[in-house]
Every structure is written in C-alpha cells, then in structure tokens.
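One structure below.
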Amino acid sequence: MFERNQKTIFVLDHTRYFSIASEEYISMDFLKGKPSADGGATGAAGNATGSGGSQFSKSLWTCACESSIEYCRVVWDLFPGKKHVRFIVSDTAAHIVNTWRPSTQNMAHVMNAMLIVGVPSRNVPTSSDYSVIHGLRAAIEALAEPTDEQLAAMADFGTDELPRIPNKGRVICITSARDNTSMKSLEDIFNTVLVQQNTLAAPPSKKGLVIDHCHLVILNIVPLGVESLVTNRSLLKISPLLDVEIHTVSAPDISYKLTHLILNHYDLASTTVTNIPMKEEQNANSSANYDVEILHSRRAHSITCGPDFSLPTSIKQGATYETVTLKWCTPRGCGSADLQPCLGQFLVTPVDVTSRPSSCLINFLLNGRSVLLEMPRKTGSKATSHMLSARGGEIFVHSLCITRSCMDEAPSITDGPGGRVSDYRTAELGQLIKMSRVVPLKVKDPSAPPLTRRLPRYFPLTTSSSILFHLQRHISWLPHFLHLLVKEDMDKQDEVRCQQHIHELYKSASRGDVLPFTHTNGARLKLSKAKDQYRLLYRELEQLIQLNATTMHHKNLLESLQSLRAAYGDAPLKSEPGASLLRTYTESPLSPERLEPISSVGASGSSSSNSLLKASKRRMSSCGQRSLLDIISSAERSQSNKRLDFSGRLCTPLGQVAKLYPDFGTKDKDTVTTGASITPNVKEESVRS
Amino acid sequence: MPTLIALDASLSMLRPVPGRNEHTYQSLATKGIQHLLDNLTAAGKLEHVALLSYSTTAELKVDFTRDYDQVRQAVKKVEPVDKACLMSMLKAVVSIMSPWGNQNILQVVVFTDCGLGFGNTSITGFLEAYAEKESEPEFGFLKTLANYNLNFICLGLHGDYYFTRGLAVYQQLLDKVSLKGQLFMTKPAKSSDAVEGNPNPNPNPSHKSELGRTTVFELIERLCEASYKSSEVTLKCGSYFRMEASVLLWPPTAPYEQKSHIFGREPTIRHTDQKIEVCGFLSLSDIGSPATLSRHWVLPKVEREKSGSSRRSGNLSAAAKPPKLNLDTSNPNYELEKLEADIKEFYAKDSKDTEESGDDDVTIVLKPGPQTEQQKENLCVLLHGALKMENMAALVRVGDKWYGFIYAFTDSKKKSNLMLNILPPGTNVIPWLGDLESLGFPEDLAPGETASFPVRADRRSYSQSSVVWIRQASLQSDVQKVLRHAKKMPDKTQHFYKELNRIRRAALALGFVELLEALAMLLEKECAHLSLNGASNDCTLQLQHAATELRKTSNRDMKSMIVPLQKVGASDAGSTAATAPAPAYMY
C-alpha cells in the first residue's frame with residue numbers, strides 16, 4: 001500500500017541548456033516534391049525555400065516534457081487514483097506543476113500547467129540562479145507532504161504514534177551535468193537536504209512526514225550524437241535514506257529509457273499482440289497483420305505460467321526490455337456469455353496510444369468485442385492464455401487458467417439428486433430471476449428491501465407439489481388473483497376482488513364443478529376426488545395467504561377463507577382430532593346437518609351445465625362493489641332456489657310429502673337452539689310459504 | 001483434487017502380517033486402495049485418480065482418470081520387484097503432477113510399510129545429503145512438492161522395530177523438508193502383550209487386531225475425513241423453506257489470507273460462511289470474466305442414514321434406498337410439508353384411479369413406488385435450469401463483504417451443473433460492476449434516474465484524443481491531417497482551425513515552438529501551391545491568415561485561439577490581394 005512507487009516526482013531542468021536542439025531532425029518530405037513539379041522560376045524559388053525550411057528539431061526541453069508526460073499517462077491508466085506522479089520545473093526557482101491532490105493527478109491538469117511554463121529562455125545570461133537544485137529541494141519537500149491515503153491512515157490511528165506511516169518515494173530528475181564531479185555534487189546536495197528535511201519533520205517541529213527512503217533516478221540528457229563526460233551508474237546506496245542511479249541518455253531516447261524504467265518501478269510487463277488483421281490505411285480493400293504493444297502488471301504473465309508453458313519473448317527494435325508475444329485469435333462477440341475461468345484481471349494501456357494499429361485495436365475492444373490470445377506450448381500445440389476485453393471504458397487483460405483443472409468436466413446435474421424430476425417450475429423461477437436483476441445505484445438506501453422480499457414467500461419447486469400453480473395454467477383469472485394475494489401493500493379494493501374470487505371458488509366447490517386438470521381430461525372423476533381437490537386447494541390457498549399476511553386485508557381474507565373451509569366441512573371431517581388440538585370451530589356442532597344438504601346440492605350440481613369457467617365469466621362481468629355480506633346473502637338465496645326445486649319435485653308423489661314434514665320439523669328445532677342461524681332459516685321459510 | 005495413489009512395490013511388502021497369515025502388507029494395501037476408491041465413488045466420482053507403483057523406480061500404472069475401474073484392475077496386477085526408493089518416487093510424483101499447475105489442491109496417498117531403503121538411496125541418506133546442500137538445484141523438486149498434500153497410509157505393527165523406526169524417519173522427512181504431510185497409522189496394541197514379553201503374541205480372537213482389513217479401512221476413513229471432506233453450506237434463495245438447501249461445495253473452499261486495509265494490522269485468515277445467500281441476479285454478459293479466487297461445483301447434499309452394520313453394506317444400503325420423509329410435527333414447516341405430501345399423494349392416487357377407469361390416454365404424472373434420489377426434487381436442479389435458461393448468474397454473499405457468482409456451467413462435453421465462482425474479498429473487486437453493496441433494484445432508483453452496467457470509469461488516455469509525438473510518424477500524421485483539411489476549405493474551414501488549434505496547444509504545452517514555425521512555413525507553401533492551381537480566394541486567404549497567426553508571439557498564450565478570417569474584412573482582403581502581385585512583379 002505504501003510502497004516506493006506510491007509517490008513519484010519528476011524534476012525537469014528548465015535552464016537555458018534545455019532550449020538547444022536535440023539534433024534529431026524531423027522531415028516533412030512528403031510535401032517537398034510537389035512545388036518542383038511545377039517548374040519555372042517560381043517553382044525553383046519555392047523548392048529552394050522548402051528544402052531549407054522543411055526540417056526542424058525538438059528541443060531537449062520538448063523531449064524531456066513529452067517523455068515524462070508519457071510516463072505519467074501509463075501510471076494513471078494502470079493505477080487510476082492509486083499511484084501519484086508530480087512535476088516540478090526548475091530554473092531560477094522551483095515551479096510546482098501539480099500536487100498530491102487527486103484533482104491535479106490527471107493529464108489535462110498537467111498539460112494546462114505546462115502551457116504556462118513555456119520554453120526555456122535563451123536570452124537570459126548565464127547565472128548561478130539558474131539551477132536544477134531548486135527543483136530537487138522542492139521535490140524533497142513534496143515527499144514530506146502526505147497524500148490523501150497517508151492522511152486517512154493517520155486518521156485511522158488517531159493520536160497513536162507508535163505505528164508510523166511509511167513514507168517513501170522516487171524522484172526522477174531530468175537534467176544535464178558537465179562531468180562526474182558536478183553529478184557527485186548534485187547527489188551530495190540532495191542527500192544533505194534530505195537529512196535536513198527529516199530534521200524538520202522530527203519532533204517538536206513536525207513539519208511534514210519523515211522521509212523513510214528516497215530513490216533518485218538522474219537522467220543526464222545530451223543531444224543526439226554528443227558524448228557525455230558523465231559515467232552511467234547503476235543503483236548505488238548513498239546513505240540509509242538515499243539510493244541513486246545515473247543514466248546518460250540522448251534526448252530522442254528519453255522515452256525509451258523511461259519505458260524501460262517504468263517496468264521496474266511499477267512491476268509491469270510488456271505484451272505484444274501479434275497478427276492483428278486490420279484494413280490497410282491506404283487501401284480499404286486489402287488487409288495486413290499488425291502488432292500492438294501493451295503494458296500491464298507483471299502478474300498477468302506470472303499468474304498464468306505453469307511448468308509446461310513458457311512465454312515467448314522478444315526485444316523489439318529500439319527497446320531494451322523483453323516483450324511477450326501472444327498471437328491474436330478469432331474474436332468472440334458480445335453474445336458470448338460464458339464466464340471464462342479467469343485467474344486475474346489487469347488494466348492495460350498501449351505503449352503507442354496514437355498509432356493507427358493501437359487505435360484500431362482499442363476501438364475494437366471498446367465496442368464490446370473481446371479477443372483471445374494464444375501462446376505456444378513446449379509440446380508444440382497452443383494454449384489460449386489470455387483474453388483482452390473492455391468494460392466500462394477500461395481495457396483489461398484477463399489471465400486464463402491453462403493448466404489442467406478438476407473443474408474441466410462437469411458432473412452432470414441430471415445424474416445427481418433431483419436430476420430426473422421432469423416438472424420443475426423452471427420457467428416461473430426464470431421469470432422471477434429476470435425480475436430480480438440488480439442495477440448499480442449511486443447511493444443505496446439502507447432501508448431498501450433486500451432480495452428476500454422480492455422473491456415469493458411460497459414457491460413450490462414442482463407443479464406436482466401444488467394445486468394452485470398447476471391450475472393457473474388453465475384458469476385465466478387465477479394468476480391475477482394470486483398476484484393480488486401476495487401484494488405487500490394490499491388495499492381494500494384488492495381485498496374485495498380477492499373475496500369475490502374466493503367466493504367464486506366456494507360456489508364451484510358447492511356445485512361440485514370439476515377442476516380442470518390436464519391429466520384428467522376426458523375422464524370423469526369420482527365425487528370424492530373432486531372434494532379432495534377442493535380441500536387441498538383451500539389448504540394451499542390458506543398457507544399462501546398466511547405466508548404473505550402483511551396487512552389487515554390479508555387477515556380478513558384469511559378469516560373469510562377459514563370460515564368458508566368450515567362451511568364446506570373441510571377441516572372437521574379431515575382432521576377432527578387435529579382440529580381439536582390446533583383450532584376450534586364454532587360451527588362444529590352443525591357439521592352433520594350441513595353435510596347432508598351440501599351432498600344433495602352436489603348431486604344436483606353435477607347435472608348442472610354451469611362450469612366453473614362460465615361462473616367466473618359472470619362474476620368478472622359484474623364489477624360492482626359488493627360487501628362480503630352481500631356475496632354470502634346472494635349465495636344463500638341461490639341455494640334456497642335450488643332447494644325449492646327439490647321440494648317441488650318431491651311434491652309430485654303424494655307419499656313423498658309425508659317425508660318432507662319431519663325434516664322441516666327438525667330445522668324448526670335448530671332455529672330454537674341456535675340463535676346465529678335465525679336469519680337464513682327465516683328466509684327459507686318465507687320462500688317455501 | 002487430483003489424487004495420485006502410490007503403492008509401495010518393494011519386496012518387504014510381501015511379508016505376511018504377523019498373526020494374520022491370510023494377509024500380506026501388499027494385500028492389505030490393495031484392500032485399502034479399493035476402499036479408498038469405494039469412498040470416492042460414494043462421494044460422486046469427482047476426483048481424478050492415478051496409480052503409481054514404486055520400488056527402485058516409479059512406474060505410472062494408470063494416468064489420471066475418473067474411471068476408477070481401471071485403477072481397481074491395475075492395482076491387482078502390481079508385483080513387488082525390488083527395494084523401496086521413496087525419494088525417487090516423490091520426484092516422479094512432481095513430474096506426473098505438473099500438468100495440474102497450482103490452482104488445484106494436489107493429493108498424494110502413499111501405501112507403504114515405511115521401509116527406509118538402503119544405502120545412499122535411502123531416506124536417511126537423503127536427509128544427510130539434504131542437510132548440507134539445501135539450496136542446490138538437485139533438491140529443486142522439493143519446492144514444488146511442498147505444495148502437495150502427502151498422505152502416508154502406514155502399514156505395520158508398533159511392536160515391529162522395522163516399522164517404528166521407519167515412522168520416525170518419515171516424520172523427520174516431513175519436518176525437515178517442510179512438506180505438508182500426515183502419517184496415518186493404527187493405534188498400538190494393549191500393553192499387556194508387551195508386559196508378558198511374548199515375542200510372538202498370538203492374537204486372541206476376542207480382541208481387535210492391531211493390523212487387518214478392518215483397521216486399514218479405518219485408516220482410509222480417517223484419510224477421507226481429513227483430506228476429502230467437501231465444504232457443506234446452506235444455499236438460501238428467498239424466504240420460502242423449499243428455496244433453501246444443504247449443498248456441498250467441491251472442491252472444498254480454502255482459507256484465505258486477507259491483508260488488513262488498516263496499515264500495521266496483521267493479516268486475517270478468512271473462511272467462507274456456513275450460509276450462502278442469494279442477493280440478486282445479473283446477466284452473464286454484464287458480469288464478463290472477472291478474476292476469481294476459486295471455483296467450486298455446487299452439488300446437492302444427499303442425506304444418508306448412518307447404520308451400525310458393516311461399512312460396505314452400510315454404503316450399499318445408503319446408495320440403494322434413501323430414508324423416507326419424516327414429518328415432524330415440531331417442525332415449523334410442518335403444515336407446508338404435510339400439504340405438499342398430501343398434494344403429491346392426491347396426484348398419485350389420481351393416476352391410479354384413472355388407470356382403474358380404463359382410460360388408456362391418460363399420462364401418468366408420477367411413478368408409483370419409492371422415489372430414488374434422482375426422483376426427489378432439489379433446489380439446485382431448479383435453480384440451474386432457470387439460470388441456464390435466462391443466461392444469468394446469482395450474486396451470492398459468502399462472507400462479510402465477500403461475494404461470489406453461482407451460474408450454470410457447461411463443459412466441452414455439454415454436461416452442465418451449478419458452479420460457484422468466489423471473488424476476492426471486498427466490495428469493489430469488479431470495476432465494471434461497481435460497489436457490490438450498492439447494487440439494488442430498478443425500483444430503488446431516484447425518479448428520472450437510470451442505471452445499467454457497466455459502471456463507467458473515468459476516461460483513460462486511449463479514450464481521449466491524446467496528442468503524443470514521441471514517434472515521428474505520429475507528428476507527421478497530425479500535420480498531414482491539417483493539410484488535408486486545408487485543401488478542402490472553405491468546406492472544411494472549421495475542421496481546419498479546430499485541428500490547427502489542437503496541434504498548436506499541444507506544441508505550446510511541450511515547448512515545441514519549432515513545430516509552429518515549420519507549420520507556418522508549410523501553410524504558406526501550400527497557399528502558394530494552391531494559388532497556382534486556381535483555388536478559391538477563401539482558401540488561400542485563410543491559409544495566409546493562419547500562417548501569420550502562428551508566427552505571432554502574442555498567440556503563444558494558452559488563452560488565445562486562432563480563429564478563421566472573417567468575411568466582413570473583404571475590403572482588407574482585397575487590398576492584400578492587390579499587394580500580392582507586387583513582389584512577383586519586382587522579382
């Protein structure tokens with residue numbers, strides 16, 4: 001977390017020397033020939049002018065600037081917000097280009113600041129005030145300033161001083177020295193200032209953080225073709241606080257040197273994607289294969305390697321480091337949804353961000369394609385070792401698992417437990433899964449309901465475990481009814497609709513209508529089977545409501561359903577011993593009497609042409625607001641009508657009349673003993689009379 | 001977990017087991033291997049197994065396979081040859097195991113009587129050599145070997161000095177070379193035999209033998225308990241009790257050492273929770289291929305009845321017939337389970353009644369008779385089918401701020417099952433999904449707000465129109481672009497000035513004033529060239545204007561912009577045009 005590469009500071013020498021030419025001349029020859037083609041005096045004059053002025057050279061300053069900016073481009077692409085790079089320009093004083101603050105750690109800020117800095121001036125006479133020492137001094141002060149991460153870590157410990165926050169950094173100084181003596185002097189001054197800074201940081205002053213260690217990289221710049229009197233030197237320990245290395249570089253090669261150094265500084269590696277098919281720039285009808293070099297974490301390579309594999313490496317022209325060559329494979333489109341077995345994912349940036357091959361590859365990936373990369377095995381065959389893909393505007397290299405894995409062969413799910421069951425409710429669960437897709441929120445409300453409240457509280461796994469969910473494929477109004485039942489915010493209107501549906505079911509049950517199950521098509525069910533169906537249906541409905549009872553309306557529905565179950569004679573008959581233990585029914589004493597008329601009604605119902613579907617149609621057509629009392633009253637009225645028919649038929653034979661009278665007498669007795677049923681019996685008497 | 005079974009084929013394995021003349025050490029080892037394969041078969045035949053026999057040399061009898069019958073047949077044909085050389089065998093193991101890489105836990109099970117070998121090829125000789133030259137390349141294979149789990153099934157009697165001395169040296173080997181290993185041995189016999197001083201104790205039939213088929217089976221059981229136990233967790237998907245199931249994660253999850261996010265704290269060893277809960281669902285195309293810590297099959301757990309009878313028959317009975325569903329009235333889900341059982345019974349009865357009615361067209365929904373394990377519904381199969389159908393994965397929470405994905409994985413042979421990918425701990429481990437704890441449902445969005453994957457990162461350098469001129473070709477390409485726009489003025493005037501200012505600004509930032517001078521010169525040449533070819537006045541005037549502006553010192557300021565020459569100044573342009581022929585005339 002607090003490694004040396006956490007902080008990097010470029011000190012750019014802005015003295016007069018850096019205004020001289022790098023001596024690498026750039027030609028615009030592609031325009032040179034045209035004027036001479038015209039001939040004539042004017043043409044000749046133009047040609048002379050062109051040949052004289054078509055070549056120019058970058059200054060040392062430009063070479064230093066663009067190479068340093070390229071260095072931080074790579075860092076900020078690969079470690080966004082995590083590794084920090086600062087710039088300090090030094091001439092008569094140190095000019096601070098950016099700070100550790102995140103808002104200044106980006107290319108736009110640095111480029112804007114450089115506009116203010118401008119070219120080193122050539123007209124100022126040589127003076128001892130012009131020195132890179134100012135910048136180096138400022139760099140040491142900058143190392144003592146904490147980053148946001150260091151501030152946060154210090155806050156974590158509060159006033160506890162015991163565990164000190166590490167503070168290390170790297171200073172890359174781009175300057176030019178006359179000879180080794182001057183370079184030595186530079187080192188000594190740096191070390192002295194470093195020690196002084198830590199004295200200031202020590203108690204009681206506590207000015208900034210103590211610097212634990214600094215790695216100073218000095219790039220000694222000369223124009224192309226100029227020999228330097230400064231000797232190159234690898235890393236040398238100057239003091240416990242300071243390591244220094246010195247590189248003499250010709251100006252045009254600064255960027256190559258920095259690319260080489262950045263690999264070590266941030267533990268990076270280079271990969272060259274080879275054989276990328278692209279249309280040629282000049283001729284859209286043909287294509288050629290191009291290579292693109294990218295940088296990423298070294299772990300992208302090491303995490304994949306096994307004993308049977310070796311990464312093919314090469315050193316490209318102009319570079320001094322190895323690059324791994326991986327071959328382009330046929331890309332896979334957006335449609336491929338397979339999760340690749342991926343050991344690591346690492347951010348990627350191209351070495352040459354503006355070249356046409358790089359741009360083509362980048363756009364290809366940013367448009368949603370992904371690319372597999374091949375490496376050769378020792379045995380001669382090939383393995384797909386990596387994959388390039390872009391997500392959210394960032395490009396990643398994924399390290400794939402290429403060694404043998406015990407996960408390569410799936411144990412077939414059909415061979416395991418439950419694998420041969422054929423009636424899972426897979427489609428229903430699939431719908432629920434689609435409805436439960438998550439999206440990224442900017443701010444998540446802690447009180448937002450979790451997934452458990454979105455998934456149903458009652459979900460049988462198979463259709464053969466359920467009556468309700470089996471039926472909903474055949475009864476058109478049932479899905480909506482079930483949807484209303486599970487609403488968390490059920491209102492009065494929902495309750496009324498559900499009451500109507502429940503009562504409709506009750507009427508169908510009373511008539512003995514057959515529930516439309518697929519496997520019984522064409523077969524007549526016994527009466528007892530139909531009853532069993534309804535009993536199970538009521539029980540399942542009751543469980544469904546109980547599990548989803550979140551409002552008073554749910555409880556009303558539950559009570560209504562339970563009373564209807566009692567009226568149907570369900571609970572007492574089925575589990576009378578259980579009922580006595582678990583619940584009581586006030587109407588239990590009435591069961592024997594009620595069962596008989598229901599049975600007779602069922603018999604007549606079976607001959608009725610009314611089906612459950614027709615009944616549901618009639619019910620749906622009348623959408624009036626009706627109370628439960630109205631529903632039950634109308635039901636009782638219709639039952640009375642049917643009973644009238646029955647007695648009418650019985651009147652025809654004279655002998656049957658005599659039987660009717662004793663039953664009538666029995667009901668009269670019930671009227672006396674049970675006050676609750678006075679009203680319906682009175683109605684019945686009035687109808688009969 | 002690839003398992004290499006190494007069978008000691010030295011001559012000492014042919015010795016009869018004292019007091020058990022019907023067994024030799026080799027025959028006991030053979031039975032042990034058979035029992036190990038029985039256990040792996042009962043666990044689902046998931047392990048890859050290979051068989052290696054070794055004496056002076058090591059010979060691979062069966063390469064890694066899930067077809068255990070090959071191994072059963074091969075183990076019967078192993079014949080002892082020579083003295084034992086354990087170190088040669090271990091070298092061969094490293095070679096044989098190399099295709100598996102580091103992502104698997106590699107198991108080695110060695111059946112041996114702990115013979116030490118002889119001379120410089122003995123274990124003792126090796127340890128003496130190793131003590132002096134630990135870092136030599138000769139011992140490089142030990143570094144790889146340290147990644148393996150070495151399990152030694154030690155066949156011998158504690159009264160046998162040959163065996164007990166070998167045990168001590170084997171333990172030394174594991175300790176000094178820092179290998180991960182374990183010695184499985186029988187418990188010593190009762191001390192009464194030793195007290196009696198009988199050099200050849202005759203086993204009393206009523207006492208359990210110190211070494212025999214039964215004790216070897218016990219060693220195998222302990223081995224399986226130590227090294228082959230699946231991680232058992234509860235998978236939970238919503239609040240309904242049927243949407244929760246016990247599952248086995250295979251291979252088992254390993255502890256993870258997580259660095260502390262607070263500096264200075266010791267790393268913590270983290271384990272996955274006993275409960276894995278589904279938090280939401282995402283499409284596989286949104287997830288992509290994130291880095292994974294480990295991958296596991298999610299397999300339904302089979303409830304087994306433990307029986308007091310012998311293990312073999314116990315296994316058979318467990319495989320043959322699962323126990324009946326036991327409805328416990330104290331179960332909080334009793335009502336639901338009873339309802340479900342009654343509904344199923346109704347359907348089953350209904351089929352029978354329909355059959356009795358003689359209707360031949362009826363399709364039987366349920367088979368009558370006892371259900372096999374494959375006939376009993378399981379949450380895993382349902383979830384697998386739904387995820388596969390929708391090409392989605394379930395985001396699951398495996399620990400505190402620790403997540404994974406469960407999805408349907410299909411291999412190259414078109415077999416499919418539920419797989420769990422465990423992500424590294426943390427909530428920001430997949431940049432394009434954002435904070436996993438900030439995932440919610442569309443209804444939770446603020447009004448008018450939209451959200452979708454991927455979560456966009458800040459723009460990287462390759463997504464901006466960067467200007468990098470380190471290579472000459474890039475610089476020339478940019479200049480060429482400006483000149484191309486120049487030729488097409490006045491149609492491309494805006495493009496020309498936009499590109500011109502872009503180059504100018506970058507040049508100023510880099511202190512590349514030489515480029516501005518060269519560009520001005522190029523524009524002037526182009527102007528002269530186009531004039532001769534009869535280009536429009538607008539074009540030549542703009543080019544001259546641009547060249548002039550590029551040279552002005554006052555324009556070397558970040559706030560200034562070079563803007564097109566306005567047509568309002570037509571009279572001025574006219575006067576300039578009038579002046580132009582003069583130099584030519586003078587010349």
Side-chain angles (χ1 to χ4, degrees), chain A residues 26 53 56 61-62 65-66 73 77 111 114-115 119 153 156 163 255 306-307 337 340 342 344-345 353-354 362 391-394 398 403-404 406-407 410-413 417-421 424 426 429-430 433 436-441 444 448 451-452 455 457 459 461-462 464-465 523 536 539, chain B residues 98-101 104 238-240 242 262-264 280-281 284-285 289 291 295 300 339-340 343 347 354 359 373-375 377-378 381-382 384-386 389-391 411 415 417 432 434 438-440 444 451 454-457 460-462 466 468 470 472 474 508-512 514 518 521 558:
Chain A
I26 305 164
F56 57 97
W61 171 252
T62 301
C65 268
E66 64 180 358
R73 176 189 75 78
D77 271 0
M111 294 292 277
M114 288 301 196
L115 282 166
V119 189
D156 281 345
S255 70
Q340 289 285 322
C342 176
Q345 86 212 8
V353 70
T354 56
I362 288 160
R391 293 276 166 171
E394 290 177 310
H398 302 258
T403 54
R404 193 173 173 185
C406 52
M407 308 293 286
S412 178
I413 194 148
R420 298 296 174 185
V421 176
Y424 283 108
T426 308
L429 185 58
I433 286 174
S436 302
R437 281 178 79 149
V438 290
V439 294
L441 306 176
K444 184 165 186 179
L451 178 75
T452 48
L455 294 177
R457 297 156 191 234
F459 193 93
L461 301 191
T462 59
S464 63
S465 308
L536 292 169
R539 283 174 62 191
Chain B
S98 62
W100 293 97
N104 305 268
S239 54
Y240 185 55
R242 281 283 186 231
I262 301 178
F263 175 75
F281 299 92
L284 291 175
S285 56
S289 297
R295 295 192 295 154
L339 170 65
E340 199 167 281
I343 291 174
Y347 283 121
T354 309
D359 193 331
E373 273 301 319
Q374 288 181 331
Q375 301 288 343
E377 74 262 16
N378 191 282
V381 185
L382 173 64
H384 169 272
M389 173 188 295
E390 302 295 339
N391 271 324
D411 64 12
K415 290 186 177 179
N417 213 315
W432 56 90
S438 289
L439 300 183
D444 302 330
V455 173
R456 306 299 297 188
R460 304 294 165 223
S461 67
Y462 43 80
S466 308
V468 180
I470 290 178
Q472 284 198 19
S474 300
L508 290 174
L510 299 174
F512 200 1
E514 297 88 345
M521 196 173 299
M558 62 177 294

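Any value given below was found using the heavy atoms of this structure, including those in side chains, with hydrogens, waters and symmetry copies removed. Sequence lines set the chain letters: A, B, ... in the order given, protein chains first and strands last, and positions in each chain run from 1.
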For the CD1 atom of A/Ile433 and the CG atom of B/Asn391, what is their distance to the nearest 0.5 Å?
11.5 Å
Where do B/Ala509 and A/Met114 come nearest, in terms of heavy atoms and distance?
O-CB, 3.3 Å
How far does OH of B/Tyr347 sit from CG of A/Leu536, to the nearest 0.5 angstrom?
8.5 Å
Answer yes or no: is there a side-chain heavy-atom contact under 4.5 Å between A/Val421 and B/Val381?
no
CA sep, side-chain torsions, deciding dist, call: A/Leu461, B/Tyr240, side-chain contact (heavy atoms from CB on, under 4.5 Å)
CA-CA 10 Å; A/Leu461 301 191; B/Tyr240 185 55; 5.8 Å; no
Using a 4.5 angstrom heavy-atom cutoff, name the option from A/Arg437, A/Met111, A/Arg73 with the most pairs to chain B.
A/Arg437
State, to 0.1 Å, how close B/Ala291 and A/Gly344 come at their nearest heavy-atom pair, and which atoms those are.
CB-CA, 3.5 Å
Can you see which heavy atom on A/Ser255 is nearest to which on B/Ile470, and at what distance?
OG-CG2, 3.2 Å
Under a 4.5 Å heavy-atom cut-off, does chain B meet the side chain of A/Ile362, its backbone, both or neither?
side chain
From B/Glu514 CD over to A/Ile26 CD1, what is the distance, rounded to the nearest 0.5 angstrom?
8.5 Å
Give a yes or no on whether the backbone of A/Ala410 and the side-chain of B/Asn417 come within a donor-acceptor separation of less than 3.5 Å.
no
With under 30° as parallel and over 60° as perpendicular, where do the rings of A/His398 and B/Trp432 fit, or are they tilted in between?
perpendicular
Tell me, for A/Ser412 versus chain B, whether the close heavy atoms (under 4.5 Å) come from the side chain, the backbone, both or neither.
both
How close do B/Val455 and A/Pro440 get, heavy atom to heavy atom, and via which atoms?
CG2-CB, 3.7 Å
Heavy-atom pairs under 4.5 Å with chain A: which of B/Asn378, B/Leu382, B/Val468 has the most?
B/Leu382
Closest contact, heavy atoms only, A/Ser465 versus B/Glu377:
OG-OE2, 3.7 Å
Tightest non-hydrogen contact, residues B/Ala457 and A/Glu394, listed as CB-CD, 3.3 Å
Any side-chain heavy atom of B/Leu439 within less than 4.5 Å of one from A/Val439?
no
How many angstroms lie between atom OG1 of A/Thr426 and atom CD of B/Glu390, to the nearest 0.5 angstrom?
10.5 Å
